[in-house]
Amino acid sequence: MIAHEVAKFLLASCPTLSSFAAYMFGSSLNGIGSDFDILIIGPSGDNLKQLKGEIKHAGIALPLDVLYMLPEEAEETNFVLRESCIPLEILSKIKNEY
């Protein structure tokens with residue numbers, strides 16, 4: 001799979017993602033590397049526990065490298081901007097790029 005297909009797959013396979021901000025970043029956006037780097041930003045709690053289970057199940061089919069951050073951590077580190085993260089929602093709609 002390429003990046004936009006992975007984004008579509010994750011959004012379809014992990015319904016709890018709708019409660020979080022989810023991004024792809026890193027070399028996987030350029031078709032390089034052997035895994036897909038995913039960033040999930042949101043609060044801890046039951047929804048996060050549910051999401052981790054969904055991601056684990058999706059990871060059976062895909063080589064995922066998932067980073068979880070609290071909103072405060074993401075803001076303090078400016079990770080999304082610094083790493084040129086692309087939201088999965090947007091990425092899933094891009095067909096010929098990524």
Side-chain angles (χ1 to χ4, degrees):
M1 281 189 195
I2 58 176
H4 86 272
E5 293 170 325
V6 170
K8 287 169 94 170
F9 177 80
L10 288 174
L11 291 169
S13 301
C14 305
T16 309
L17 270 178
S18 64
S19 300
F20 295 83
Y23 302 86
M24 189 178 292
F25 66 98
S27 59
S28 53
L29 289 173
N30 299 315
I32 302 170
S34 59
D35 65 357
F36 295 93
D37 300 311
I38 306 296
L39 170 65
I40 308 290
I41 300 173
S44 59
D46 289 339
N47 274 353
L48 180 59
K49 184 177 179 180
Q50 175 70 27
L51 177 60
K52 285 183 176 184
E54 294 169 1
I55 294 285
K56 183 178 180 180
H57 189 264
I60 294 169
L62 295 170
L64 300 175
D65 187 10
V66 183
L67 173 62
Y68 297 93
M69 286 187 162
L70 294 170
E72 306 83 49
E73 292 173 307
E75 188 175 323
E76 287 173 15
T77 62
N78 204 24
F79 191 90
V80 172
L81 184 60
R82 193 178 43 144
E83 295 297 324
S84 302
C85 300
I86 299 178
L88 292 185
E89 283 285 340
I90 292 172
L91 189 57
S92 70
K93 296 175 181 154
I94 299 172
K95 295 187 181 182
N96 295 327
E97 300 175 41
Y98 304 109

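These numbers were taken from a predicted model, which means no experiment stands behind them.
By the ring pair (Phe, Tyr, Trp, His ring centres under 6.0 Å) test, Phe25 is found to be paired with Phe79, residues two or more places apart in sequence or in another chain being considered.
Ile86 and Phe36 fall within a single hydrophobic cluster, where Ile, Leu, Val, Met, Phe, Trp and Tyr are joined by side-chain heavy atoms under 4.5 Å apart, directly or via other members. Follow the hydrophobic side-chain contacts under 4.5 Å out from Met1 and you reach Val66 in the same cluster. Taking hydrophobic clusters as Ile, Leu, Val, Met, Phe, Trp and Tyr residues chained together by side-chain heavy-atom distances below 4.5 Å, Tyr68 shares a cluster with Leu10. Hydrophobic clustering places Leu64 together with Leu48 (ILVMFWY residues linked when any side-chain heavy atoms are closer than 4.5 Å, directly or through intermediates). Taken together through direct or relayed side-chain contacts under 4.5 Å among Ile, Leu, Val, Met, Phe, Trp and Tyr, Tyr23 and Ile55 form parts of separate hydrophobic clusters.
Residues Gly42 and Phe20 approach most closely at CA-CD2, 3.5 Å, considering heavy atoms. The heavy-atom pair separating Lys93 from Glu89 by the smallest distance is CG-O, 3.6 Å. Here the closest non-hydrogen pair linking Leu88 and Leu11 is O-CD1, 3.7 Å. Pairing each heavy atom of Gly26 with each of Asp37, the nearest pair is CA-OD2, 3.9 Å. Residue Ile38 comes nearest to Met24 through the heavy atom pair CD1-CE, 3.9 Å, listed as atom of the first residue, atom of the second, then distance. Considering all non-hydrogen atoms of both residues, Ala3 and Ser28 come closest at CB-O, 3.9 Å.
Atom CD of Glu75 and atom CD of Glu72 lie 8.0 Å apart (nearest 0.5 Å). Remark: Phe9 CZ to Ser92 OG distance equals 14.0 Å, nearest 0.5 Å. In this structure, CD on Glu83 lies 10.0 Å from CG on Asn78, to the nearest 0.5 angstrom. One distance of note links SG of Cys85 with CD1 of Ile41; it measures 7.0 Å at 0.5 Å rounding.
Under the 4.5 Å side-chain criterion, counting only non-hydrogen atoms from C-beta, Leu91 is not in contact with Val6.
Residue pairs meeting the side-chain hydrogen bond (donor to acceptor under 3.5 Å, both in side chains) criterion with at least one partner in residues 41-54, sequence neighbours excluded, are Thr16-Glu54, Gln50-Glu54.
In terms of modelled atom types and a separation under 3.5 Å, the side chain of Glu5 and the main chain of Ile2 share a donor-acceptor contact.
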